[in-house]
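Atoms within each ligand, like the ligands themselves, are counted from 1 in listed order. All of these numbers come straight from a predicted model, not from anything done at the bench.
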Amino acid sequence: MGLYFAKFSAFGSYAPAKILTNQDLEKMVDTSDEWIRTRTGMVERHIASKEEAASDLAYQAALNAIEASQVRYKEIDLIIVATISGDYPFPSTACIIQHKLGLKNIPAFDISAGCTGFIYACDVARQYIENGIARHILVIGVEIVTKITNWTDRNTCVLFGDASGAAVISRSEPTDISRIIDTKIDADGSQGNFLMQAAGGSRLPASHETVDANQHTVYMEGNRIFKNAIKSMYASSDELLRRNNLSPADLDWVIPHQANLRIIKALADKMKVPMSKVIVNIQKYGNTSSATVPLATDEAIRSKKIRRGDIMLLTSFGAGLTWGSVLARY
Ligand code: ACO
């Protein structure tokens with residue numbers, strides 16, 4: 001039990017202007033609009049321009065979230081960025097954001113947990129708030145997966161899009177209705193090789209051979225991940241509900257990772273939550289990795305679906321393999 005409680009003060013999001021449709025993809029690889037729609041639920045996705053890097057997208061989402069939170073820039077105590085496609089291997093994208101926001105003398109770091117990154121970042125932020133070390137934390141999920149995509153591999157290139165989502169997580173005052181009730185994160189490193197970027201690190205440094213072999217792009221064994229996704233998101237969500245004496249019927253909203261509509265529907269079915277309570281925007285953005293959950297949450301708040309006091313469950317899974325959930329009263 002910490003000294004304080006944490007809450008989501010506000011969310012923000014951003015997607016680059018350029019849109020790539022299923023019809024555009026039909027011209028690039030051997031695929032069809034029908035296959036993509038029925039197998040994934042995706043219709044179009046946003047693609048960053050040549051000039052845009054992760055921190056450019058993250059900065060826009062951060063501005064939106066900070067504005068909505070009414071927290072002053074100078075009050076932010078920590079920046080955490082979840083990404084696997086940052087501007088550079090180092091320095092961290094969080095440090096770049098700190099500089100872009102004109103902030104100094106606050107810590108900033110990245111988290112690498114694939115599509116679960118935002119959930120991991122919320123779990124970490126919650127500890128800093130509950131221990132009284134920080135009062136306001138900027139948490140961002142940002143991804144430009146399309147720049148590490150193999151555009152000749154139809155198994156993966158139809159799936160990803162670029163976007164960012166951010167939240168300001170703050171200390172919850174005794175009068176606040178909003179509160180992060182609980183978080184749960186998990187990992188299974190034995191399955192890491194099902195979803196990875198093989199080259200560019202110390203195992204396989206960049207060389208002409210690694211570039212020629214497309215080893216700097218996303219490698220994924222989709223159907224192995226598929227089964228794991230449903231099982232793992234269910235496990236962390238079920239544990240959170242049980243240990244807080246809540247049932248799926250108590251949830252106003254479930255905001256799952258947007259990787260595949262069939263995964264989302266199977267999860268809802270397993271949890272016995274009607275799809276009317278599940279936030280879905282995969283048709284517009286595809287899989288934006290660590291950005292999907294904050295992006296979908298932000299859209300649902302701005303369209304007045306999610307309201308203050310609603311109980312929401314955020315859940316995701318991804319590279320690592322990693323998975324986790326956040327249970328919160330918005
Ligand atoms: N167009 C047409 N056909 C295709 C395409 C395509 N774009 N992609 C694959 N196919 C074909 C395959 O070649 C295969 O053909 P075959 O039977 O002749 O060999 C057939 O479709 C079925 O392939 P599967 O891989 O079994 O298809 P599946 O139904 O599993 O769907 C998908 C694939 C969409 C990738 C699914 O497995 C999935 O969503 N997996 C989870 C992905 C995920 O969530 N990843 C984690 C997050 S990503 C991150 O952390 C960065």
_Check this for me: does any side-chain nitrogen of one of Asp77 and Arg135 sit under 4.0 Å from a carboxylate oxygen of the other?_
no

Quick test of your reading of the model: are Glu299 and Lys284 salt-bridged, counting only N-O distances below 4.0 Å?
yes

Handout entry: Salt bridge Lys265-Asp269, side-chain N to carboxylate O under 4.0 Å
Key = no

Q.
Regarding Thr292 and Gln258, do their side chains bring together a donor and an acceptor under 3.5 Å, going by distance alone?
A. no

Closest heavy-atom approach to atom 38 (C) of ligand 1 among Asp30, Asn260, Ile84 is made by Asn260

Atom 49 (C) of ligand 1 has as its nearest protein heavy atom Cys115 SG, 2.8 Å

Does atom 3 (N) of ligand 1 have any protein heavy atom closer than 4.0 Å?
yes

State whether any protein heavy atom lies less than 4.0 Å from atom 11 (C) of ligand 1.
-> yes

Honestly, for Thr40 the part within reach of ligand 1 (heavy atoms, under 4.0 Å) is side chain

ask   = Is Asp182 salt-bridged to Arg126, cutoff N-O under 4.0 Å?
value = yes

among protein heavy atoms, the one nearest atom 24 (P) of ligand 1 is Asn223 ND2, 4.2 Å

Rounding to 0.5 Å, atoms CD1 (Ile301) and CZ (Phe8) come to a distance of 8.5 Å

Nitrogen or oxygen of Thr31 less than 3.5 angstrom from that of ligand 1
yes

query = Cation-pi between Arg45 and Tyr285: NZ/CZ under 6.0 Å from ring centre and within 45° of the ring axis?
reply = no

For this session: Ignoring hydrogens, tell whether any protein atom lies closer than 4.0 Å to atom 31 (O) of ligand 1; use the non-hydrogen atoms only.
Result: yes

Are any of the N/O atoms on Ser289, whether in the backbone or the side chain, positioned under 3.5 angstrom from an N/O atom of ligand 1?
no

- Measure from atom 22 (C) of ligand 1 to the protein's non-hydrogen atoms and state whether any distance is below 4.0 Å. no

Query raised in the report: Does the protein put any heavy atom within less than 4.0 Å of atom 18 (O) of ligand 1?
Result: no

If we number the atoms of ligand 1 from 1 as shown, the ones under 4.0 Å from a heavy atom of Phe317 are 44 (O), 46 (C)

Going by the 4.0 angstrom heavy-atom rule, the piece of Val158 near ligand 1 is side chain

Is any side-chain heavy atom of Leu251 closer than 4.5 Å to one of Val254?
yes

Ala319 heavy atom under 4.0 Å from ligand 1
yes

heavy-atom search around atom 13 (O) of ligand 1 in the protein gives Arg154 NH2, 3.0 Å

Quick one: are Leu314 and Thr297 in side-chain contact, heavy atoms under 4.5 Å?
yes

Practice prompt. Measure the shortest side-chain to side-chain distance between Thr83 and Ser112 over non-hydrogen atoms and say whether it is less than 4.5 angstrom.
Written response: no

In plain terms, say whether Arg72 and Glu75 are close enough for a salt bridge, that is, a side-chain N and a carboxylate O under 4.0 Å apart. yes

Short version for Leu195: what comes under 4.0 Å of ligand 1, heavy atoms counted, is side chain

Quiz prompt | Polar side chain donor-acceptor pair, Asn150 to Thr217, under 3.5 angstrom | solution = no

Looking only at protein heavy atoms, what sits closest to atom 40 (N) of ligand 1 is Gly222 O, 3.0 Å

- Task: May I ask you to test the Glu26-Ser32 pair for a side-chain heavy-atom distance under 4.5 Å?
- Result: yes

Atom 45 (N) of ligand 1: closest protein heavy atom, distance to 0.1 Å, is Met220 SD, 3.2 Å

The option among Ala259, Ser290, Gly114, Gly318 carrying the non-hydrogen atom nearest to atom 44 (O) of ligand 1 is Ala259

| Under the 3.5 angstrom rule, does the side chain of Gln127 hit a backbone N or O of Asp123 as a donor-acceptor pair? | yes

Exercise: do Thr210 and His216 side chains pair donor with acceptor under 3.5 Å: yes

Ile225 heavy atoms within 4.0 Å reach ligand 1 at atoms 43 (C), 45 (N), 46 (C)

Ranked by distance from atom 8 (N) of ligand 1, the top protein heavy atom is Trp35 CH2, 3.3 Å

among protein heavy atoms, the one nearest atom 9 (C) of ligand 1 is Asn155 OD1, 3.1 Å

Output yes when the distance from some N or O of ligand 1 to some N or O of Arg39 is under 3.5 Å, and no in every other case. yes

The protein heavy atom nearest to atom 28 (P) of ligand 1 is Arg262 NH2, 3.7 Å

Counting heavy atoms under 4.0 Å, the part of Asn287 that contacts ligand 1 is side chain

